[in-house]
Amino acid sequence: MAAGVLNFSALGLMSEGENILFWQAPDHDIAAVQIAIDGIPALVAAREAERAAEDAADRAREEAAAAAERQRIADLIDRARDEATRSLKDRRWSWARRVDVDEAQGLLQRPDLDVADAVRLLSLVERAGKNVARSEGKLALVHEGERPLAERPDVRSLALEAVRLITRDDEDWATQRNDLGWSKSTTIDGHVLAALEVLDVAQASHALRLLRVHHKQLPRKLVDDLFAPA
């Protein structure tokens with residue numbers, strides 16, 4: 001082979017009789033070229049391995065994200081079931097609308113709640129919670145007409161006893177007209193008051209207002225002690 005000419009057949013890249021020549025510098029390092037050519041398969045294999053590792057890492061991340069999303073959905077559904085069940089059991093009186101109760105109970109009976117169902121359940125629970133929050137806000141402001149009586153500690157104590165007596169009979173949460181318990185417009189306030197350890201002046205003033213409406217359910221002596229104290 002002439003100096004300055006590279007014969008590809010000599011390098012094993014072409015079959016005999018298929019010579020491809022190119023010009024090169026006289027001092028070109030043929031051995032280095034051969035080493036570089038021989039290393040190409042290893043470089044290709046390494047790159048393929050790198051790509052395979054990257055693909056595997058991408059799949060692992062995607063699978064982990066999918067698993068995390070499935071767990072998030074499962075946790076959401078479990079939380080919705082738990083909160084709705086607990087609210088209906090312990091604070092049924094805070095669900096002011098019968099249609100909300102029926103809808104929640106219908107959803108809880110489904111064995112295959114989806115995300116939309118869970119979100120709806122939580123919104124119904126939240127609505128009931130807002131009913132309580134509104135009541136608590138209202139009860140925090142003194143009903144001026146009852147202030148003189150509400151400022152008496154003995155009256156506050158009797159008022160709490162009285163609202164608890166009526167609440168005890170409010171087993172239907174004002175869903176039936178039976179002259180027992182609270183009315184539809186007073187049931188949430190009544191239950192909120194009955195759950196308190198003590199009544200302050202503002203809370204007692206509202207308790208007295210409610211008890212005037214429902215006084216027929218109370219013992220006569222308790223009514224007299226409340227509204228005609230010595």
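As the structure is a computational prediction, the values presented were derived from the model and not from experiment.
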Look at the side chain of [X] and the backbone N and O of [Y], then say whether any donor-acceptor pair between them is shorter than 3.5 Å.
X      : Y      : answer
Thr167 : Val163 : yes
Gln217 : Gly181 : yes
Thr187 : Lys184 : no
Arg81  : Leu108 : yes

Going by heavy atoms in the side chains, are [X] and [Y] under 4.5 Å from each other?
X      : Y      : result
Val125 : Trp95  : yes
Leu76  : Leu122 : yes
Val192 : Trp93  : yes
Asp189 : Trp182 : no
His214 : Ser183 : yes
Leu88  : Gln105 : yes

Can you see which heavy atom on [X] is nearest to which on [Y], and at what distance?
X      : Y      : answer
Leu141 : Ser205 : O-OG, 4.4 Å
Leu208 : Ala159 : CD2-CB, 4.4 Å
Gly190 : Leu210 : N-CD1, 4.0 Å
Asn131 : Ser94  : ND2-O, 2.9 Å
Pro148 : Gly145 : CD-O, 4.2 Å
Ala128 : Ser87  : CB-OG, 4.5 Å

Check side-chain hydrogen bond (donor to acceptor under 3.5 Å, both in side chains) between [X] and all other residues, then give those that pass, not counting sequence neighbours.
X      : answer
Arg61  : Asp58
Lys216 : none
Arg110 : Asp117

Strictly below 4.0 Å, N to O, side chains only: are [X] and [Y] in salt-bridge contact?
X      : Y      : answer
Glu69  : Arg72  : yes
Arg51  : Glu54  : no
Glu151 : Arg147 : yes
Arg220 : Asp224 : yes

[atom1]/[X] to [atom2]/[Y] distance, rounded to the nearest 0.5 angstrom?
X      : Y      : atom1 : atom2 : answer
Leu158 : Lys221 : CG    : NZ    : 8.0 Å
Glu161 : Leu211 : CD    : CG    : 10.5 Å
Ile188 : Arg134 : CD1   : CZ    : 7.5 Å

Grouping I, L, V, M, F, W and Y whenever their side-chain heavy atoms are under 4.5 Å apart, do [X] and [Y] come out in a common cluster?
X      : Y      : answer
Val213 : Leu218 : no
Leu193 : Leu165 : yes
Leu107 : Ile77  : yes
Val201 : Val155 : no

For Thr186 and Ile166: C-alpha separation, side-chain torsions, deciding distance, then whether side chain to side chain contact (heavy atoms under 4.5 Å, CB included) applies.
CA-CA 11 Å; Thr186 60; Ile166 295 177; over 6 Å; no

Would you tell me whether Arg209 and His206 have side-chain atoms, one donor and one acceptor, within less than 3.5 Å of each other?
yes

Pair Leu160-Arg164, side chain to side chain contact (heavy atoms under 4.5 Å, CB included): steps then yes or no:
CA-CA 6 Å; Leu160 180 57; Arg164 286 176 174 173; 3.7 Å; yes

